[in-house]
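The structure appears below as structure tokens.
Note that the structure is predicted; figures quoted are calculated from it, not measured. Here is the naming used below: chain letters follow the sequence lines, and residue numbers restart at 1 for every chain. Excluded from the calculations below are hydrogen atoms, water molecules and symmetry mates; all remaining heavy atoms, backbone and side chain alike, are included.
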Protein chains: 2
Amino acid sequence: MSQHRHPGAPGRAGAVPALPDLPEATVARLPEYLRALHNLADAGHETVSSEGLSAAAGVNSAKLRKDLSHLGSYGTRGVGYDVALLIEQIEYVLGLTQRRAVALVGVGNLGHALAGYDGFASRGFRIAALLDADPSRVGEEINGLVVRHVDDLPTVAAEESLAIGVIATPAGAAQQVADQLVAVGVTSILNFAPCVLSVPEGVDVRKVDLAIELQILSFHEHRKASLTALPATGGTALTALPGGFAATDTQEAIGT
Amino acid sequence: MSQHRHPGAPGRAGAVPALPDLPEATVARLPEYLRALHNLADAGHETVSSEGLSAAAGVNSAKLRKDLSHLGSYGTRGVGYDVALLIEQIEYVLGLTQRRAVALVGVGNLGHALAGYDGFASRGFRIAALLDADPSRVGEEINGLVVRHVDDLPTVAAEESLAIGVIATPAGAAQQVADQLVAVGVTSILNFAPCVLSVPEGVDVRKVDLAIELQILSFHEHRKASLTALPATGGTALTALPGGFAATDTQEAIGT
DNA sequence: CGCGATTTGTGCACGTCTTCACAAGCGCCT
DNA sequence: AGGCGCTTGTGAAGACGTGCACAAATCGCG
Ligand SMILES: NC(=O)c1ccc[n+]([C@@H]2O[C@H](COP(=O)([O-])OP(=O)(O)OC[C@H]3O[C@@H](n4cnc5c(N)ncnc54)[C@H](O)[C@@H]3O)[C@@H](O)[C@H]2O)c1
Ligand SMILES: NC(=O)c1ccc[n+]([C@@H]2O[C@H](COP(=O)([O-])OP(=O)(O)OC[C@H]3O[C@@H](n4cnc5c(N)ncnc54)[C@H](O)[C@@H]3O)[C@@H](O)[C@H]2O)c1
């Protein structure tokens, strides 16, 4: 469209610059580009072509260009993208210019691992509170943070502006915890418990379910096995089957 | 299409029953249906309607019916689906009739949590080995399993038929570990390290990246904030905006 | 046995996502 | 200044996924 627009230069404060509304699929890939860009920046690259960046992020280069074009025109034809500028832009769009506060509820097996994870801090987040319902866990100090009782959530929310709640409790408690989070104004939840949460409109929930990932892989194992198991059996149908691809979300086979 | 087919009744051994090739989106939802079905079975339900099951799984009922129709015709019009039969069918398709062996590489912070997770066993998997490169970790016993050195991988693979490798090492080591897994015949990998893996064709990789999930949520927070920040500012465009949805992969706002 | 209530399975239309292919733009070199 | 090679940004086409709406099928009951 128009040439050098600046939909939201990170330097500009004041009026909200009307985020371009990105396709959801694009939003899901921006963090991957961002990670690749940080790696490139650390390696000393000042610019990168769509080909180079797409390889680093494991996607098709046309897709990458279309994704980035939604943010505006930040590339230079014949040259590529300015790494630092692109990092700035993506971080702005993702809302990472402010370090967002995360409340982690459920400091058990998994919760401990998450609480000790440095990838939070290095990727734009800050664990603002650790919460648990078990009195014997309350008071424990992990990584400089003291575990508080989950009923203190309103107090915590009053102290900090919580952006995201992470649920790492057993499935049976997850809905109740979600309700508590919503009640104190949290509108984004990451759920590790294997269950469906119901939340009011306007609240976003994303889930991470390890078993689901394994089961999807299991399916592909099963499928691969059932294909290789027919070497010369002239059974029913199954004629051509030229490529027999699988990938979609699954990344697959990137040469080099 | 045809009426009562049995593309692969779980009882039948012998010839491989030619898996129907399912849309990837369907495959990704089957595990969710399976979980919901197990819950229903535990609650004593013998049958369930597409409406009921779809509500329990958090999806649209038409989508659920279309998904299930890809497996064959296992419902009864006017009645619904037989819970036990459907569980059998989905488990068969997902390849869960055999308990698959998982090798977990990287027994650090996260690896410990995974090793102690009972969701593996209860959802069709068995941790067959814990592996780490750190000599001081080798020999440690977790949950009845002894941590072995990652260089023992060939030995482990010879003892067990490894179906899936899980990588929970730092990003810097992940590619090397992936290569080692592929070398011993593993064709499905679940990667927790924040990096792109390159693997030969035919090997499936799925990744779980916590920071990406948080950044996607951050984007939606940012977007929501930039919308509510314009209450009466007759700025540019942004006229109607009736619903202002967001969900796609993000589940959102299911009443009740 | 027939009828109405119920629920599945699916044709169809629509929207989203991906990929190709190429014109437009940029920098560099002569 | 002009031309050349490289890379972006995007139109268009196709693949894929979604959801409505309804015909077909089944059950229970009178
Ligand atoms: N451990 C893993 O590797 C892993 C992997 C994937 C998913 N998960 C899921 O993550 C969740 C946590 O797993 P875990 O292994 O850490 O379990 P866990 O039992 O070790 O820890 C759960 C914690 O939640 C706390 N809790 C219970 N009810 C609560 C409530 N109402 N409010 C606040 N805290 C409450 C408990 O006191 C406990 O500390 C489970 O749903 C599990 O299925 C775990
Ligand atoms: N801790 C979390 O909650 C969390 C969450 C999301 C993602 N991750 C990612 O998971 C990975 C592991 O995180 P962590 O916190 O457990 O780190 P960690 O440092 O605690 O553990 C890593 C383990 O891998 C082992 N290791 C290193 N190189 C190896 C090799 N070549 N072969 C085998 N083992 C090797 C180390 O000895 C160590 O035991 C990281 O990539 C991290 O980014 C962690």
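Between B:L53 atom CG and C:dT6 atom C1' there is a gap of 17 Å when expressed in whole angstrom units. A straight line from CG of A:D67 to C1' of D:dT10 spans 13 Å, rounded to a whole angstrom. Atom pair A:L64:CG and D:dT10:P shows a separation of 14 Å (rounding to whole Å applied). Between the CG atom of A:L86 and the P atom of D:dT7 there is a distance of 16 Å, rounded to whole Å. As a whole-Å value, the separation of A:E51 CD from C:dT19 C1' is 13 Å. A:N60 places its CG atom 13 Å from the P atom of D:dT8, with the value rounded to the nearest Å. The separation between A:R65 atom CZ and C:dA24 atom P is 16 Å, rounded to whole Å. Taking atom OH of residue A:Y81 and atom P of nucleotide D:dC6, one finds them 18 Å apart after rounding to whole Å.
Residue A:S50 has a polar side-chain atom (N or O) positioned under 4.0 Å from OP1 or OP2 of D:dT8. OP1 and OP2 of C:dT7 both lie 4.0 Å or more from every side-chain N or O belonging to B:S49.
Candidate nucleotides D:dG9, C:dC26, C:dC17 were compared by shortest atom distance to the side chain of A:T76, and C:dC26 ranks first. Closest to the side chain of B:S73, out of C:dT18, C:dT8, C:dG9, is C:dG9.
Positionally, the nearest nucleotide of DNA chain D for A:V79 lies more toward the 5' end than for the other of A:A62 and A:V79.
Checked for salt-bridge contact, B:D209 and A:R123 meet the test: a charged N lies under 4.0 Å from a carboxylate O. Ion pairing between a basic and an acidic side chain is recognised when a charged N comes within 4.0 Å of a carboxylate O; B:E32 and B:R29 show no such pairing.
Counted within 6.0 Å of CG on A:D21, heavy atoms from surrounding residues, nucleotides or ligands total 12 or fewer; the atom is thus considered open.
Counting atom types as modelled, B:R77 pairs no side-chain N or O with a base atom of C:dT7 as donor and acceptor under 3.5 Å. Between the side chain of B:K66 and the base of D:dG19, a donor-acceptor pair under 3.5 Å is found.
Of the N and O atoms on the side chains of A:Y33 and A:D67, at least one donor lies less than 3.5 Å from an acceptor on the other residue. Using a 3.5 Å distance cut-off with no hydrogens or angles, the side chains of B:E221 and A:T187 do pair a donor with an acceptor.
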